[in-house]
Amino acid sequence: MILKDKSPTKSNSPKIQAGEKQELDVAFYLRRAFKDHPQVFVFNDVKFKHNNETAQIDHLIVYTYGFILIESKSITGEVAINEHQEWSRSYRGKWQGMPSPIKQVELQVALLKSLVIDNAQHLLPKMFGKIQQNFGGREWHSLCAISSNAIINRDCMPKSLEDRLVKSEFITDKLLQIMKLPNSTPNALHFLSKNVRPWFSKESITRICKFLLEKNIAPTEQLITDTTSLNLTEPTPIYSGETKAEALSNSEQPRVINLQCKGCGSVNTLEAHSGRYGYYVTCSKCNTNTPMKAPCVQCEDVNTKVSKRKDAYSLICGSCENKALIVFDNSVALATATKEK
């Protein structure tokens, strides 16, 4: 069942639109496979905050035996992973390194696991009315789904990663292989079968799904209203077949970056300069120089450069193309940095 659809992001950036399309493609395959499945619950594009950390999850699967998180990645060209688990990709005939989507989704798994464990008393029942159940023994998996037209170089790829990297068109086959679902929802007689994996009861999985919808930072309207029933309402699909691409939007909202002195933290005593190593600001209070060049504010890529046009400065990310405003000492500079899918 689909409990949360992908929320379109307004952007006219080709790279952002490509990332959007990749997430929509994966969501499409998940809907086709699990729309009416009684043991599989799908959340697309959810965001959780716990212990002052935030996780943005492209696709989350809650099923009878546990959780699967999927990171979607739009890659046109070839992708390779070496024996050190370092990722690289080709773009227009040139190779460059890229952050590992697997490492990214592993961080998301850690945060989600901590979130549900810390709330186990609200999500799982007590055994014999006394012993609180927990999430020990539940399954946790993570995958990376890349564009179906990408070329995957598996020559030096570690086996542990090869099994977790899959093209979008094969994502549901991989999920079914991982989940190994029984023909019917387990019950008390399930212990007599060869499948002895701990499972979530009907009531528990309903509580978990309701909890996740409520904890989503951008709350959905499709909430479970009865924690004793799985009579869930699916949201209306944001696309259907031929109109799927229309879910990609075409406007972009700028971000704001407040530049401050790295020495004293002042924000209103800064003056812009340029030097041998590029543009920077000098603090008149402590005389400390702070460079304008910084990693991308969204994707954290260090491949950025600063340019100037009149009195405005632009921080341009070589890996992504969204916009943000850098503000310092009553001056504004334009910066571009956004997550690439």
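These values consider heavy atoms only, across backbone and side chains, with no hydrogens, waters or symmetry-generated copies.
With a 4.5 Å cut-off on side-chain heavy atoms, Arg31 and Asp5 count as touching. Using a 4.5 Å heavy-atom cutoff, the side chains of Gln22 and Gln17 are not in contact. Side-chain contact check for Ser266 versus Cys286: every heavy-atom pair is 4.5 Å or farther apart. Looking at heavy atoms from C-beta onward, Glu78 lies in side-chain contact with Trp95 at the 4.5 angstrom threshold. Taking the side chain as every heavy atom from C-beta outward, Lys47 and Asn216 approach each other to under 4.5 Å. For the pair Asn153/Val79, no side-chain contact is recorded, criterion being any heavy-atom separation below 4.5 Å from C-beta on.
Scanning for side chain to side chain contact (heavy atoms under 4.5 Å, CB included) contacts around Tyr279 gives Ser274, Met292, Val306, Lys308, Tyr313, with sequence neighbours left out. When the side-chain hydrogen bond (donor to acceptor under 3.5 Å, both in side chains) test is applied to Glu139, the partners found at least two apart in sequence or on another chain are Tyr63, Arg197. By the side-chain hydrogen bond (donor to acceptor under 3.5 Å, both in side chains) test, Ser100 pairs with Trp87, sequence neighbours left out. Checked against side-chain hydrogen bond (donor to acceptor under 3.5 Å, both in side chains), Ser201 has the following partners two or more places apart in sequence or in another chain: Ser204. Applying the ring-ring contact (aromatic ring centres under 6.0 Å, His included) rule to His37 yields no partners; only residues at least two apart in sequence or on another chain are considered. For Glu86, the side-chain hydrogen bond (donor to acceptor under 3.5 Å, both in side chains) partners at least two apart in sequence or on another chain are Asn82. Residues satisfying the salt bridge (charged side-chain N to carboxylate O under 4.0 Å, His left out) criterion with Lys262, sequence neighbours excluded, are absent altogether. Remark: Ser284 engages Thr269 in a side chain to side chain contact (heavy atoms under 4.5 Å, CB included) (not counting sequence neighbours). Scanning for side chain to side chain contact (heavy atoms under 4.5 Å, CB included) contacts around Glu162 gives Arg154, Met157, Lys159, with sequence neighbours left out.
A side-chain donor-acceptor contact under 3.5 Å links Lys174 to the backbone of Asp163. Looking only at distances, a side-chain donor or acceptor of Lys167 sits under 3.5 Å from a matching main-chain atom of Ala150. Not one N or O on the side chain of Thr282 forms a donor-acceptor pair closer than 3.5 Å with the backbone of Asn287. The main-chain N or O of Trp199 is found under 3.5 Å from a side-chain atom of Arg138 such that the two form a donor-acceptor pair.
Rounded to the nearest 0.5 angstrom, Glu203 CD and Leu124 CG are separated by 10.0 Å. Ile102 contributes atom CD1, which lies 6.5 Å from atom CG of Leu165 (distance to the nearest 0.5 angstrom). Considering CD1 of Ile2 and CZ of Arg32, their distance stands at 12.0 Å, rounded to 0.5 Å. One distance of note links CD of Glu83 with CG of Leu161; it measures 11.5 Å at 0.5 Å rounding. Taking CG from Leu123 and OG1 from Thr206, the interatomic distance works out to 11.5 Å, rounded to the nearest 0.5 Å. Distance check: Tyr29 OH to Thr172 OG1 gives 8.5 Å after rounding to the nearest 0.5 Å.
In this structure, the ring of Phe67 has its center less than 6.0 angstrom from the ring center of Trp140.
Smallest separation of non-hydrogen atoms from Thr290 and Cys261: OG1-CA, 3.6 Å. The shortest heavy-atom contact between Leu259 and Pro291 is CD1-O, 4.5 Å. Shown here for Val267 and Gln260, the closest heavy-atom pair between the two residues is CG1-CB, 3.5 Å. Between Pro101 and Lys73, the closest heavy-atom pair is CG-CE, 3.8 Å. The shortest non-hydrogen separation linking Lys285 to Cys264 is CD-SG, 4.1 Å.
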**OP:** Applying side chain to side chain contact (heavy atoms under 4.5 Å, CB included), run through His122 and Arg207 and close with a yes or a no.
**Re:** CA-CA 8 Å; His122 306 301; Arg207 288 182 179 179; over 6 Å; no

**OP:** Go through the steps for Phe200 and Phe135 under the test side chain to side chain contact (heavy atoms under 4.5 Å, CB included), then give the verdict.
**Re:** CA-CA 10 Å; Phe200 294 124; Phe135 286 87; 3.8 Å; yes

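The same ILVMFWY cluster, assembled from side-chain heavy atoms under 4.5 Å apart, contains both Phe170 and Leu176.
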Let me have the donor-acceptor pairs involving side chains of residues 142-149, under 3.5 Å, with sequence neighbours excluded, atom names and distances please.
unit_1	atom_1	unit_2	atom_2	d
Ser142	OG	Arg164	NH2	2.5
Ser147	OG	Ile75	N	3.0
Ser148	OG	Glu169	N	3.3

Please set out all donor-acceptor pairs under 3.5 angstrom arising from side-chain atoms of residues 110-120, sequence neighbours excluded.
unit_1	atom_1	unit_2	atom_2	d
Ser114	OG	His50	NE2	3.4
Asp118	OD2	His50	NE2	2.8
Asn119	ND2	Leu115	O	2.8

For residues 38-46, run the donor-acceptor check on the side chains, cut-off 3.5 Å, and write out each pair with its distance to 0.1 Å, sequence neighbours left out.
unit_1	atom_1	unit_2	atom_2	d
Gln39	OE1	Thr64	OG1	2.7
Gln39	NE2	Pro182	O	3.1
Asn44	OD1	His59	ND1	2.8
Asn44	ND2	Lys4	O	3.1
Asp45	OD1	Gln56	NE2	2.6
Asp45	OD2	Ser7	N	3.2

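Ionic pairing of Lys6 and Asp58 is not present here: no N-O contact between side-chain nitrogen and carboxylate oxygen is shorter than 4.0 angstrom. Looking at Glu53 and Lys49, no side-chain N of the basic residue comes within less than 4.0 Å of a carboxylate O on the acidic one, giving no salt bridge.
Donor-acceptor pairing under 3.5 Å is lacking for the side chains of Asp25 and Ser168.
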